[in-house]
Structure formats: structure tokens, C-alpha cells
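Protein chains get the first letters and strands the later ones, always in sequence-line order, with residue 1 at the start of each. Not measured: the values here are computed from a predicted model.
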Amino acid sequence: MSTETPQKKNYKQTLNLPQTAFPMEAKLVQNEPKRLAMWKEGRLYEKLMTARAKAPHWVLHDGPPFANGDIHIGHVINKTLKDVFLRYKSMAGFQTPYVPGWDCHGLPIEHKITKDLGPKVREMSKLDVRKLCHEYAQKYVGIQSEQFQRLGILGEWNNPYLTMKPEYESETLNVFADFVEAGLVYKQLKPVHWSIANQTALADAELEYKEVDDNSVFVEFAARNPGEVKGKFDLRVNAPVSFLIWTTTPWTLPANMAIAVHPDVEYAFVQYDRNGQTRITVVATDLVEKVFAKVSDSNPQVLKTVRGNELVGLEYQHPFVDRVGRVVHAEYVTTTDGTGLVHTAPGHGEDDYHTGITNHIEIYCPVQANGRFDSTVPNWLTGLTVWEGNPKVTDKLKELDVLFAEEKIRHSYPHDWRSKTPTIFRATEQWFISLDKPFVPKGGSGEAKSLRQRATEAVEQTTFIPSWGKARILGMLESRPDWCISRQRAWGLPIPVFYNEKDEPLLTGQSVRAVAKRFCERGSDVWFTETPTELLSCDQTACPAHFGEVAKLRKEKDIFDVWFESGSSWHAVLQCRSYLKFPADLYLEGSDQHRGWFQLSLLPALGATGTPPFKQVLTHGFVVKPDGTKVSKSDKEYVTATQEIERHGADLLRLWCCSVDYQGDIPTSPQAIKEFGDKYRKIRNTLRYLLSNLYDFDPKQNTQEVPQNSLDGWASAELDQLIADVTSAYDAYQLHRAFRLLHDFCAVQISAVYGNAMKDRLYCESPNSPVRRRTQTVMYRMIIALTKLLAPMIVFTADEAWEYIQHKPKDDAECASVHLALLPQPSGQTVSDQQREEWKLLMDLRDQGLAQLDTLKKEAGLNKALDAEVIYEVDDDDLRRRLQVYGPDLEDLVGAGFHSFAEVSTNKPAVSVKMVDRRETYQACARSWKRRPDVGQDPDYPDLTLRDAAAVKANK
RNA sequence: GGGCUCGUAGCUCAGUUGGUUAGAGCGCGUCCCUGAUAAGGACGAGGUCGGACGUUCGAAUCGUCUCGGGCCCA
């Protein structure tokens, strides 16, 4: 059914309507894998490295994710940011090698494996468990690698770094050797969670907390010199003085070394009666009532109150051990329960341990691996288990008349997840790296400084993005204890220490390097299969004769904290691969890594080389739910990364990553990502529109001068500004700014303003008309610049668009992929203030015109702007002369059919605009639909304007 | 509890050294176009800038407190 006249159809055929094969619908999910295959086939990464072979390096060093599970949205953000920056820097002319890595050792994997094995694990050797862990890690490296590549992350995927590879393990040991030589490695007791049933140390993840009933005791610790105490605090009562402590684990009392008080809490000296005797003891004021309620007829009377720090330094006599302890201060002391005076056994508690270290108190642990007391305790305890010890100790306290009260208490207590038995805190020998011992790094000279000092100085010289990262890591460095690098696990890198028959450790740079060499050749499993003789066979002098016979050496059982391994990547990767460089230009991870990888890479690098491993450290935040709270997998709104990729494609996810300010929390939901498709489509359609209007444009033949005083000039300048702004946003790592600039440029400058206005001349002018070619000249610049600027973000779409750009300039034409190209450059044209004002005026007049058009639409039913004429009312001759050049531009900006200038005197603005309904005045051109007075002036085409008539003739 | 940090329209973001009626894009609503068409355009409604109190002639911007998040510790 054709209601159109045949003539009309003819005219449509005479137009230069946009045409392109670049599809409107992206079909990212189907097309991205094809493009990936194409890149792989074409060796895009290798090509890029070759293309920039002589360029200066810009190295981003990848922090290794844990090889466990599918990637999640946090990985997507992290890897996308890295990829975008790398690609941008590459387009900026740098050589940007990217070696992805994985953290392979560690408890989560070992935990998973042993859990899956169940009871079978008892029959398996460490080596068997390690083999299973290795397979597991390898499997997930493969899975995650695929998933990262699917995201469009470009890198050396065929040669990533894995912390479990023999070369890597070996280089980690070499870093350790440097530490040993610097004299920073030492062994010391430290309490760990201990399973008596399995006689093994446990990690936090291996604990299950259960509610249990225990007998807690309140104990009077007699002041060593009551007279002195009474004198100091002016207590004129003839009674013994004690400090009242409370504990739920009486068996730890033999190891009591101190009493901790909070320096700012108020304590009371209380006079009370018990067992027919008047006594004085100290309790936190807030707890006096609660505590003395436990003893009937105690008649407590507060004699005096003092602040905790006044008590510090006072001494007491241990009730049943020949030992004097003293009162120390600790910030963690609370007055929620107990007495406010905390029984401190540095060998049996985390807090107690820190208090012990701070106050130089011995880390004393009289409990053996089997949970029985050793011979250093009173002989009525020796040989008993700690559980047998509990009632014994309580009885003894009763006997000594220092048991103030007993109380059944229900509390949550850690249990071994495997044997389901209660665990204890027990001090064991651990390896440490000293943070405060001054040293001079290998090959270095100058002043000996501690690791802590060096780290602080290095951080001062590092750029942090955002800047507060510096304060954060400095705070952590200030307060962190020495680094405990040993773990009692199977799945990890063995600490290469040997012991002779006197239990003296063999640990020298030389011995470590000898083992490193062996590991490099055969992997770290040899630690479990080979004899010390074999392990040290690479260096016959590694074990000095006076130390003992090599064959009789015993191997250390502990492995390294996995952080020491990933924290050595600056060496194992950056220094060991010749095409990388040390230090790296950028480390980029989540802000949790201030404590993690950043700090624990900084320390090894400084210990071994004296140089920090990075110049810049960039951090991003974490995804949260739309309401700002943390996400968990059970949430309905949980965003599954792989699922989102399959649903919307990688480019959409990438673009979304680029649109948010990653410095803070990142609200995320499947809904938000889905809705973000609108932004992607706007950009894609804009690219498509530009491409479609360039189908017949060849810059070699059709390029036109673009005068500044024209809409084309404006558009060209806007593009220049865009290039400058986007570039500086990228340089500042402000992706959301770059994204916004690009998106808004597409939505506003191109779609709403320029592209919309230029339709008439693009479609209706004769193909070779200079004004048409001029607009194409600008659009051609636009499509190239936009595609390039978008390329780091939407890697697939940009590369696709790149293929559709015809007649690229020589340098670009040589780039099969946009990712090989260099960034666009601004035209270099300077713009005068007067020119800017003219453009501003032009846009103001557009606003005026559109507003009036809206009124005409509502009041007169004028729906098509082409039915209106825009009249510019100008008084000033000079201004009119300047504006006349913009005549057609002004007309097209409001979409009018015609424009004219009138000298109607207006008294306020120098120029104003008036829209006039011309439906009754002029005939509409059948081709351009413009209503103009010249329609019908060409006798051959009575239904066309002169311009259109000429265009039709030229087309024939 | 501590260190660091975030809180501007439904969403994502701008808001320079404190200064006229707090901006943009998207979304939404209404309308138009049908020669970018599973596109495009116009107009419009949305915010007392987490809250309170201060400093100031004047604060989203400075200070104190407070509420609610986040990361890391304890």
C-alpha cells in the first residue's frame, strides 16, 4: 500500500542518506569471543610489544589473585582498571608489558582439599596433600585465566607468573637469603592456636567456635610490697593488699607474667572481708559492685580511686610460683566483665603476647605439644594436661586462700574443626623478620636503618592514588609488629632451615641459595622427598664442617607465610624477566592491600634492595549493595561476574567499571549494570552515525578547510577540547571523568547538537558540496579520535568500529587493530576569546530558538521545525556582519527551514531570535522539506528549492 | 574500640582559593519526528548538598559533634 507519490520516492533516492554496515545492535555476547579469537590468531599482544619495542617502558605489576574459585565482580573491576590504564599508556606511546600472576599456595586451598578428603587425610602424607593442592591451584589458574581473557584483558597469558612454579619459589628463597644476610631473620616464641588432639598449629579458618561452660576464677595476687603500695596511695588500713584478676582458663595461671590495666580507666582500692579477714584489693571502679556481689558479707568499701597508669609498675608475688610480676598498661583492657585487671600470660594469648613483647617480658610457655605441663611448673602440675590442670590450679588457689570467687561461665571457645576438641593458645617457635633492627641492604652503603624506617621513608616518596593511601599505610607501618613469616602448614614454600643434633639452625644466605637452586631445578616438593645432603648438593660448602654432619641434619617443618611469596614478586617477576623493570611504575589493587600486598612487597623489596618496588600505588574500593552495605553471596542482588559477562558482554561491564569513581565504595546490582546498557548504546549509535555519514568520504580528495567561524569550526574545537580533557583524565587515572566526557560528547555535542544540525546538508547537498565535505572532514576526525579514546574502555566495540573507518591516515591504516594505534592529537588550532564568544552566542541563540519553537508547537500546532523560519534581529551592523557567516548554521541548529536577518530595533540584547510559522507563507520543498521562498524557482523542479534542484541535477 | 575513608537530585558524577535562584548526563514524565528508525529531537518535573550546632555579612565548601556505610585492625 503506497500512499507516497512516486516522485517523492525518487527524491529520497537522490539524498545522501547515511549508510554503514556497522550494526546498531552490538551482539556483544556472540561477537566478543570471535574478536578474541581474532586477536589471539593475529597475536595482538605480541604485535603490540613489537610495535613499541623501542618505546620507553611503563610497567604495571599485577598483584596475584588467589587461584581459587570463579572470578567475581571485584576481580572484574581490578583487572579492567589495569587493562584500561595499560592500553591507554600503550596508545600514549609506551611499551606496556603485562604479566598476570596468581597466588597459588596457602590455607584456603589446603583447607578445601583437606575438607574434601575428610578422614582420609590422616592416611596421606604432606606430599600427597601438596599434589592435590597443586592440581587444584592449577585448575583454577586455568579457569580464571579464561575468564580474565574473556573480559578482554590483554597480557602475557601464555606465560603468567605462578607463585608455585619452581623458578618463582627459587627466587622467593633468594629474596629470603638477602634477608638472612642482612641479619633480619630470627626465631622466637609466639602463641598460636594449637590443637592438642592433632598436635598441630591451626589457622583462624580452621577454628570452630562453640558455646561451652567453664569455671572461671577471681584470684587475689598479693602485692609484693604492701607497705609501699599503701604508702603511695595513702591507705591507712592494716590489711594485706592484692590485685584482683579474673580468668576463664586457670591452667594459664602458671604462665602468668603480668597484670594489664588500662591507663585511662579508673581503679578502686577496696577494703572488704573474706574468710574472716579484712583485705584490700584493686578492681576497676565500674566493676566494684558486680565483683563484690560474688562474695557474701564482703562489706566492700572504696578507699581510694586512681587512674590505671598510676598502678603501672607495681609488683606482685605470683601465688604459687616463685616469680614476681608487675602491672603493665594495655589499651585493650575493658571493664565489661572480669575485674578490669587482666591476667597476662604472654605464652598463652594473642593480646598477652603483644603486651609481653612491648614490655620485654619473657614469652613463657610451660605447656608441651601434647598439652601437658613441662617440668618448669610446680611439681604438682608437671605432666598433667591443661584440662587436668584447671581443677588442680583452682584447688591450689583455694588452699592458698587467694581464690576470691569462682563462677560458672558460658562463653564461646575455639575448637579444632577437624577433631572438634577445644584448642589452646600455646607459644611455639616461629620465624620473624625484624622491623626495627638497623641494617644495610645487599650491595648498599650508607647508614644502617631499620626496615620500619626505610619503609616509612619509601612511602613518603611514593605517589598514592588516592592520596590518603599514604597516611593509611604509614599508620600501619608505625604500629605493625615484627613480621611472623612461618606457618605450620603443608601447602606452601618450605622455610629452608636445617638443624644439627644440638638443634642449632643452619640458616645462611649461602645455605638458602643452595636450596633455592635445588628448588629451581626440581620444585619445592623435594624438601619432603630429598635428604639434606641432596638438598644442599648444589653447594658443597653450604654446611660448614664445624656445624655438623650434613647427613644428620634435620629439616624445618614450617613453611612461609604466603605473603612472603607474593611479596617477592617484584624480584621473581620484575627483576627476573628482562623485558620488565624494577621498580614498577604502578601497583594497582583494592584498598585492603595497604596492609596486604603493598606493604608486604615493600618490606621484602626494601630488605633485599633498599628500593621500594613501586613508584605509584593506586587503590580502588569494594563493591557494595545499592544501599551501601557489604555484599554477600547469599544476597539477591549479588552480581555474578561470569553471569553478567554472559548476559551483557564484557564491553558493557568494562564501560560500567570505567563510569564509577573507584576510589570509594562501588554500589553494584545486576539491575544497575543492565540499565547501564543505555549509556553503551548511546555511544555505539553515535559511532555508527558518524561512520554512516562518511560512506563516501575520502580524506585525500574531499578534505575541506574548516573555518573557525562556523558550526564545523565549533565542533572541531569541541573535539580538540575533548581530546585534551579525556587525555588529562586518563593521565590522572580518573576513568569516570574520561567516561563522562566521552559519553556526554556523544550525547550532547554530537547527537543533540552537531550531528542533528548537520543532517540537512549531509543528506541534501550534492555529494561534493564543500559544506557537506567540510562537515565530513570534521566527522572523520571525530570518528577516529572517539574510537581511539574509547578503545581502552570498550576494547571490542572500538576495534569493531575501527574496521569500519575507511581511508584511515597512513599511520593508523597500518594498525590492523585500534589497540595498536596512538592517541589522537588536538588540531593545534588556538581559539581567540572573541571566537569563543561567538560560539557561545550561537548556542544561546539556539536555546532561544528552540524555546520559541516549543511555544509555537504548543500554541500553534507547529510540529516540524522545518515549517518555521528563524529570524535574527540584530541592530549592530558589525555584529550582523559577523553573524551572517553563521546563517545556515543557525538555521540548522534549530532545524528551521529558512533564516533571515532583520533590522528590527530591539533595545535589550544586541541580537535575538524570532521563530515564525511559515506554513501559510512558503511552500515546503519536496526533497529537503524546508519551507523557503525559493521553492519552485527552478522551472525543472517546481517542488524544490534551488539548492535541492541543483543537487538533483548534479547527481544525474 | 582504634586507624583510614565515604555520604550532593531515582542513578552515575561536577561543584575551583567559602559568594548571585546548587550543575551535567542518564533515567522518568509530556510532546514531536519517522530520511541515525528496536534510532533521533524538544520541553518539563526532581536536591533545604546525611543530621545538628558553630565560625562568617555569607558555607555543599571551614570547625566541632552526631548518624549511617566501607576497608583494615583490635
Side-chain angles (χ1 to χ4, degrees), chain A residues 8-9 11-20 22 24-25 262 330-334 336 350-351 354 464 466-476 478-480 590-596 599 619-631 656 658-661 663-667 669 671-672 675-679 681-682 684-693 734 736-737 739-748 750-753 755-760 762-764 846-847 849-858 861-866 894-895 927-929:
Chain A
K8 249 188 171 173
K9 252 187 178 162
Y11 286 136
K12 182 165 176 179
Q13 281 157 9
T14 68
L15 296 171
N16 321 303
L17 290 180
Q19 41 187 283
T20 177
F22 183 77
M24 179 178 282
E25 201 188 341
H262 194 290
E331 299 288 334
Y332 55 80
V333 174
T334 63
T336 48
E350 186 90 51
D351 287 338
H354 289 296
F464 284 82
S467 56
W468 49 257
K470 182 174 286 187
R472 189 166 193 216
I473 200 168
L474 278 177
M476 291 172 172
E478 240 167 66
S479 61
R480 72 152 297 145
S591 60
D592 56 336
Q593 300 303 333
H594 283 117
R595 174 163 290 272
Q599 188 186 145
T619 55
H620 58 255
F622 288 78
V623 291
V624 293
K625 286 189 276 187
D627 68 359
T629 57
K630 73 191 304 171
V631 294
W656 171 78
C658 294
S659 76
V660 295
D661 182 357
Q663 298 194 358
D665 300 337
I666 304 166
S669 70
Q671 185 68 13
E675 282 168 7
F676 197 75
D678 289 333
K679 306 261 196 328
R681 265 173 252 122
K682 186 69 177 188
R684 185 178 178 93
N685 272 323
T686 304
L687 296 180
R688 181 167 182 270
Y689 182 64
L690 292 174
L691 286 169
S692 68
N693 278 302
Q734 304 236 316
H736 66 289
R737 234 185 84 215
F739 162 78
R740 164 171 308 281
L741 287 162
L742 286 162
H743 174 269
D744 290 3
F745 190 84
C746 288
V748 181
I750 298 184
S751 197
V753 181
N756 203 235
M758 293 322 209
K759 281 180 186 175
D760 176 72
L762 286 168
Y763 301 171
C764 302
R846 171 180 180 267
D847 289 344
L850 289 174
Q852 288 185 38
L853 220 42
D854 198 54
T855 310
L856 280 176
K857 187 157 105 185
K858 280 169 187 154
L862 182 108
N863 287 331
K864 296 167 75 170
L866 289 167
V894 294
R927 185 169 178 267
S928 67
W929 301 338

A.B. asks: Can you measure Leu853(A) atom CG to C33(B) atom C1' for me and round it to whole angstrom units?
C.D. replies: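 Distance check: Leu853(A) CG to C33(B) C1' gives 12 Å.
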A.B. asks: What distance, rounded to whole Å, do you find between the two C1' atoms, one in G58(B) and one in A42(B)?
C.D. replies: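 Going atom to atom, C1' in each nucleotide, I get 38 Å.
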A.B. asks: Could you list the residues that satisfy side chain to side chain donor-acceptor pair (under 3.5 Å) with Lys630(A), not counting sequence neighbours?
C.D. replies: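 Residues passing side chain to side chain donor-acceptor pair (under 3.5 Å) with Lys630(A): none at all.
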A.B. asks: Rounded to whole angstrom units, what separation is found between the CG atom of Leu862(A) and the C1' atom of A42(B)?
C.D. replies: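 The distance from CG of Leu862(A) to C1' of A42(B) comes to 12 Å, rounded to the nearest Å.
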A.B. asks: Would you classify Lys759(A) as touching base, sugar-phosphate or nothing, given that sugar-phosphate means primed atoms plus P, OP1 and OP2, and contacts are heavy atoms under 4.0 Å?
C.D. replies: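 Base, at least one base heavy atom under 4.0 Å.
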A.B. asks: Toward the 5' end of RNA chain B, which comes first, Val748(A) or Ser659(A), by nearest nucleotide?
C.D. replies: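 Result of the comparison: Ser659(A).
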A.B. asks: Pick the P atom in A45(B) and in G10(B), then give their distance to the nearest Å.
C.D. replies: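 Pairwise P distance, A45(B) against G10(B), rounds to 16 Å.
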A.B. asks: When you match Asn756(A) and Leu15(A) each to their closest nucleotide on RNA chain B, which lands nearer the 5' end?
C.D. replies: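 First, find each residue's nearest nucleotide; the 5'-ward one identifies Leu15(A).
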A.B. asks: Does G63(B) fall in syn (glycosidic angle within 90° of 0) or anti?
C.D. replies: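 For G63(B), whose glycosidic angle is more than 90° from 0, the conformation is anti.
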A.B. asks: Between G7(B) and U12(B), how far apart are the C1' atoms? Round to whole Å, please.
C.D. replies: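 Looking at atom C1' only, U12(B) and G7(B) are 15 Å apart.
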A.B. asks: Excluding sequence neighbours, so at least two apart, what forms ring-ring contact (aromatic ring centres under 6.0 Å, His included) with Tyr763(A)?
C.D. replies: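 Listed in chain order: nothing, the list is empty.
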A.B. asks: Could you tell me how far G46(B) sits from C11(B) if I compare only their C1' atoms? Round to whole Å.
C.D. replies: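 Rounded to whole Å, the distance is 13 Å.
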A.B. asks: How far, in whole Å, is G68(B) from U55(B) if one measures between their C1' atoms?
C.D. replies: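 Here U55(B) and G68(B) have their C1' atoms 26 Å from each other.
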A.B. asks: If only atom types and distance count, is the side chain of His594(A) paired as donor or acceptor with the main-chain N or O of Ser591(A) below 3.5 Å?
C.D. replies: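 Between the backbone of Ser591(A) and the side chain of His594(A) there is a qualifying donor-acceptor contact (under 3.5 Å).
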A.B. asks: Applying a 4.0 Å non-hydrogen cut-off, can you work out what Pro667(A) is touching in the nucleic acid: base, sugar-phosphate, or nothing?
C.D. replies: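 Sugar-phosphate only.
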A.B. asks: Under a 3.5 Å limit for both distances, which nucleotide forms a Watson-Crick or G-U wobble pair with G68(B), could you say?
C.D. replies: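 Partner of G68(B): C6(B).
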A.B. asks: Quick one about Ser751(A) and Lys682(A) (side-chain donor to acceptor, distance below 3.5 Å, no hydrogens or angles considered), yes or no?
C.D. replies: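 A donor-acceptor contact under 3.5 Å links the two side chains.
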A.B. asks: Roughly how many Å apart are C53(B) and A60(B), using the P atom of each and rounding to a whole number?
C.D. replies: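 The answer is 14 Å between these two P atoms.
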A.B. asks: Under 4.0 Å, heavy atoms only, any strand: does Asp744(A) hit a base, just the sugar-phosphate, or nothing?
C.D. replies: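 Sugar-phosphate, backbone atoms only, no base.
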A.B. asks: In whole Å, what is the span from the CZ atom of Arg688(A) to the C1' atom of G40(B)?
C.D. replies: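 Value for this atom pair: 12 Å.
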A.B. asks: At what distance, to the nearest 0.5 angstrom, does SG of Cys746(A) lie from CG of Leu741(A)?
C.D. replies: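 Cys746(A) SG to Leu741(A) CG: 11.0 Å, rounded to 0.5 Å.
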A.B. asks: Determine the Euclidean distance between corresponding P atoms of C57(B) and G44(B); express it in Å to zero decimal places.
C.D. replies: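 Approximately 39 Å lies between the P atom of G44(B) and that of C57(B).
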A.B. asks: State which of G25(B), A36(B), C32(B) makes the closest approach to the side chain of Asn863(A).
C.D. replies: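 Closest nucleotide among those given: C32(B).
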A.B. asks: Under the ring-ring contact (aromatic ring centres under 6.0 Å, His included) rule, collect the residues that match up with His743(A), sequence neighbours excluded.
C.D. replies: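 Checked His743(A) against ring-ring contact (aromatic ring centres under 6.0 Å, His included); matches are Phe739(A).
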A.B. asks: Taking only the side-chain heavy atoms of Asp678(A) (C-beta and beyond), determine which of C26(B), A14(B), G35(B) contains the nearest atom.
C.D. replies: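 Of all the options, the side chain of Asp678(A) is nearest to C26(B).
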A.B. asks: Expressed as a whole number of angstroms, how long is the span from Tyr689(A):OH to G40(B):C1'?
C.D. replies: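 From Tyr689(A) OH to G40(B) C1': 9 Å.
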A.B. asks: Looking only at side-chain N and O atoms, does Lys12(A) come under 4.0 Å of OP1 or OP2 in G35(B)?
C.D. replies: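 Yes, because at least one side-chain N or O of Lys12(A) sits under 4.0 Å from OP1 or OP2 of G35(B).
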A.B. asks: Among C31(B), C26(B), C43(B), which nucleotide sits nearest the side chain of Lys857(A)?
C.D. replies: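 Given the options C31(B), C26(B), C43(B), the side chain of Lys857(A) is closest to C31(B).
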A.B. asks: Provide the closest heavy-atom pair for Arg846(A) versus Val894(A) in the form atom of the first, atom of the second, distance.
C.D. replies: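 Closest pair (atom of Arg846(A), atom of Val894(A), distance): O-CG1, 3.7 Å.
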A.B. asks: Indicate, with a heavy-atom threshold strictly under 4.0 Å, whether Ala752(A) touches base, sugar-phosphate, or nothing.
C.D. replies: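 Sugar-phosphate contact only - Ala752(A) comes under 4.0 Å of backbone atoms but never of a base.
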A.B. asks: Base, sugar-phosphate alone, or nothing: which one does Arg846(A) contact when heavy atoms must sit under 4.0 Å apart?
C.D. replies: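 Contact class for Arg846(A): sugar-phosphate only.
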A.B. asks: How would you list, by chain and number, every residue that makes a ring-ring contact (aromatic ring centres under 6.0 Å, His included) with His620(A), sequence neighbours excluded?
C.D. replies: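 Per chain and number, His620(A) pairs via ring-ring contact (aromatic ring centres under 6.0 Å, His included) with no residue.
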A.B. asks: Compare side-chain N and O positions of His743(A) against OP1 and OP2 of C13(B) and report whether any pair is under 4.0 Å apart.
C.D. replies: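 Answer no for this pair, as no side-chain N or O of His743(A) is under 4.0 Å from OP1 or OP2.
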A.B. asks: Go through the N and O atoms of the side chain of Ser751(A) and the base of A36(B), and report whether any donor-acceptor pair is under 3.5 Å.
C.D. replies: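 Looking at the base of A36(B), it does pair with a donor or acceptor on the side chain of Ser751(A) (distance under 3.5 Å).
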A.B. asks: Tell me the partner of A36(B), counting only Watson-Crick (N1-N3 plus N6-O4 or O6-N4) or G-U wobble (N1-O2 and O6-N3) with both under 3.5 Å; none if nothing fits.
C.D. replies: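 A36(B) is unpaired by these criteria.
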A.B. asks: May I ask you to test the Val631(A)-Lys625(A) pair for a side-chain heavy-atom distance under 4.5 Å?
C.D. replies: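 Yes, side chains in contact.
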A.B. asks: For Leu17(A) and G40(B), give me the distance from atom CG to atom C1', rounded to whole Å.
C.D. replies: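 These atoms are roughly 14 Å apart.
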A.B. asks: List the residues meeting ring-ring contact (aromatic ring centres under 6.0 Å, His included) with Tyr689(A), not counting sequence neighbours, and say none if there are none.
C.D. replies: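 With neighbours one apart ignored, the set is empty.
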A.B. asks: Between the base of A14(B) and the side chain of Arg740(A), is there any donor-acceptor pair under 3.5 Å?
C.D. replies: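 No pair found.
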A.B. asks: Distance check needed: A42(B) P versus Asp847(A) CG, whole Å only.
C.D. replies: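 To the nearest whole Å, that distance equals 10 Å.
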A.B. asks: Return the nucleotide paired to C31(B): Watson-Crick means purine N1 to pyrimidine N3 with N6-O4 or O6-N4, wobble means G-U with N1-O2 and O6-N3, both under 3.5 Å.
C.D. replies: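 Base partner found: G41(B).
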A.B. asks: Would you please confirm or rule out a distance under 4.0 Å between OP1 or OP2 of G27(B) and any side-chain N or O of Lys682(A)?
C.D. replies: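 Result: no.
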A.B. asks: Could you check which of C43(B), U34(B), U12(B) has an atom nearest any side-chain atom of Val660(A)?
C.D. replies: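 Selected nucleotide (nearest to the side chain): U12(B).
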A.B. asks: To the nearest angstrom, how far is Lys625(A) atom NZ from G7(B) atom P?
C.D. replies: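 In whole Å, G7(B) P lies 21 Å from Lys625(A) NZ.
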A.B. asks: Look through every strand shown and name the nucleotide pairing with U55(B) as Watson-Crick or G-U wobble, where both distances are under 3.5 Å.
C.D. replies: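 Pairing partner, where one exists within any strand: none, as none qualifies.
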A.B. asks: How does protein contact run along nucleotides 67-74 of chain B, one letter per nucleotide 5' to 3', with B for base contact, S for sugar-phosphate only, - for none, heavy atoms under 4.0 Å?
C.D. replies: --BSBSSS
A.B. asks: Using the P atom on both, measure U56(B) against G15(B) and round to a whole Å.
C.D. replies: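 Looking at atom P only, U56(B) and G15(B) are 29 Å apart.
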A.B. asks: What is the distance, rounded to the nearest whole Å, between atom CG of Asn685(A) and atom C1' of C26(B)?
C.D. replies: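 The distance from CG of Asn685(A) to C1' of C26(B) comes to 15 Å, rounded to the nearest Å.
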